[in-house]
> 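I'd like to ask some things about the structure below.
Worth knowing before you read on, the calculation uses all heavy atoms, side chains too, and leaves out hydrogens, waters and symmetry mates. Since the model is a prediction, treat every value here as computed from it, not as a measurement.
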2 protein chains.
Amino acid sequence: MERKKNLEHTTLLVLSLLKGQDLYGYQMITELERRSNSTFHMKEGTLYPVLKKLENGGYVTSYEAEANGRTRKYYRITKSGLKQLAEEKESWEVYADGVNSVLSFMPG
Amino acid sequence: MERKKNLEHTTLLVLSLLKGQDLYGYQMITELERRSNSTFHMKEGTLYPVLKKLENGGYVTSYEAEANGRTRKYYRITKSGLKQLAEEKESWEVYADGVNSVLSFMPG
DNA sequence: TTATATACCTAGATAGACTAGGTATTGCCA
DNA sequence: TGGCAATACCTAGTCTATCTAGGTATATAA
């Protein structure tokens with residue numbers, strides 16, 4: 001149903017998480033869970049390919065950092081990513097409004 | 001991203017259209033367009049398989065009627081379909097709330 | 001020492017929606 | 001009268017977002 005490219009909610013959510021602070025992959029999963037009040041539990045198999053796609057597209061950049069002997073890969077949103085985020089947010093709002101319009105439609 | 005079975009928005013929209021009145025397939029497309037203020041343009045290739053699936057699942061029943069020399073296949077929502085609609089509507093609301101929570105999250 | 005949590009990654013499967021085709025009738029316009 | 005657009009139905013095959021299920025490795029708690 002016109003699931004257009006800029007309506008991919010996973011990318012919207014990931015970009016949204018990165019607005020304001022850099023995060024590493026694993027952290028995004030827990031952050032998403034926290035910010036959505038446990039509604040979303042993104043799978044690693046979903047996240048990592050999306051991060052790779054976002055980096056290839058120039059929407060995020062990455063760098064590595066040490067913490068507790070572990071290497072973490074942090075992601076930072078780019079200017080292009082912020083623009084993309086704004087567009088996807090707008091698309092989401094149009095989509096949600098559309099669904100709500102249909103659901104609340106009163107004949108007559 | 002946990003796109004669970006009861007979060008299929010197409011079925012939600014179709015069932016929602018059928019609540020209140022019987023419709024035939026082609027009409028659902030124009031109705032959906034109207035009720036969503038032209039946000040949604042469901043493709044026939046999307047709709048008809050969904051209708052078949054809904055009928056097989058007992059969520060709708062169908063009957064044929066003549067109009068202008070054309071045969072139209074009308075669909076009517078069943079009691080089971082109404083229950084399903086209520087569940088999917090609830091799921092949609094949880095999902096939309098989740099996305100909005102993440103989008104509007106203010107750190108601190 | 002063994003299990004759990006943290007932290008990264010990928011190949012292949014699943015499934016919802018689309019593309020692109022098909023059939024047939026009605027109504028309009030040139 | 002001829003032809004095209006709109007109406008009305010349908011399906012096989014494709015695309016792709018997400019999930020499943022696996023892999024590697026380190027730190028920490030039981």
> Quick one: does A/Tyr63's side chain get under 4.5 Å of A/Lys73's, heavy atoms only?
no

> Find the distance B/Leu54:CG to C/dG16:C1' and express it as a whole number of Å.
13 Å

> How is B/Gln27 classified with respect to the nucleic acid when contacts are heavy atoms under 4.0 Å: base, sugar-phosphate, or nothing?
nothing

> Heavy-atom nearest nucleotide on DNA chain C for B/Glu44 versus A/Lys52: which residue maps closer to 5'?
A/Lys52

> I need the single residue from A/Leu85, A/Leu51, A/Val50 that forms a side-chain contact (heavy atoms from CB on, under 4.5 Å) with A/Thr11. Which is it?
A/Val50

> Considering only side-chain heavy atoms of B/Lys73, which listed nucleotide, D/dT11, D/dC10, C/dC8, is closest?
D/dC10

> Would you indicate which nucleotide in D/dT20, C/dT10, D/dC9 comes nearest to any side-chain atom of A/Lys43?
D/dT20

> Consider the side chain of B/Tyr24, meaning its heavy atoms from C-beta on, and name the nucleotide among D/dC9, C/dT10, D/dT11 that approaches it most closely.
D/dC9

> What is the distance, to the nearest angstrom, from the CG atom on B/Leu47 to the P atom on D/dC9?
9 Å

> In terms of hydrophobic clusters joined by side-chain contacts under 4.5 Å, are A/Val94 and A/Leu103 together?
no

> When you check the phosphate oxygens OP1 and OP2 of C/dC8, does a side-chain N or O of A/Tyr48 lie under 4.0 Å from one of them?
yes

> Round to a whole Å and report the spacing from CE of A/Met42 to C1' of C/dA7.
16 Å

> Determine the contact category for B/Gly45: base if any of its heavy atoms lies under 4.0 Å from a base atom, sugar-phosphate if only primed atoms, P, OP1 or OP2 are that close, otherwise nothing.
base

> Distance check needed: C/dC8 P versus A/Glu66 CD, whole Å only.
12 Å

> Could you walk me through whether A/Glu55 and A/Thr61 pass the side-chain hydrogen bond (donor to acceptor under 3.5 Å, both in side chains) test, one step at a time?
CA-CA 6 Å; A/Glu55 189 166 19; A/Thr61 54; over 6 Å; no

> Report, one pair per line, the protein and nucleotides 25-27 of chain C atoms (nitrogen or oxygen only) whose separation is under 3.5 Å.
from   : atom 1 : to      : atom 2 : distance (Å)
C/dT26 : O4'    : B/Arg70 : NH2    : 3.2

> Report the distance from atom CG of B/Asn56 to atom C1' of D/dT11, rounded to the nearest whole Å.
15 Å

> Would you mind reading off the distance between A/Glu64 atom CD and C/dC8 atom C1', rounded to a whole angstrom?
10 Å

> Could you check which of C/dT6, D/dC10, C/dC9 has an atom nearest any side-chain atom of A/Tyr26?
C/dT6

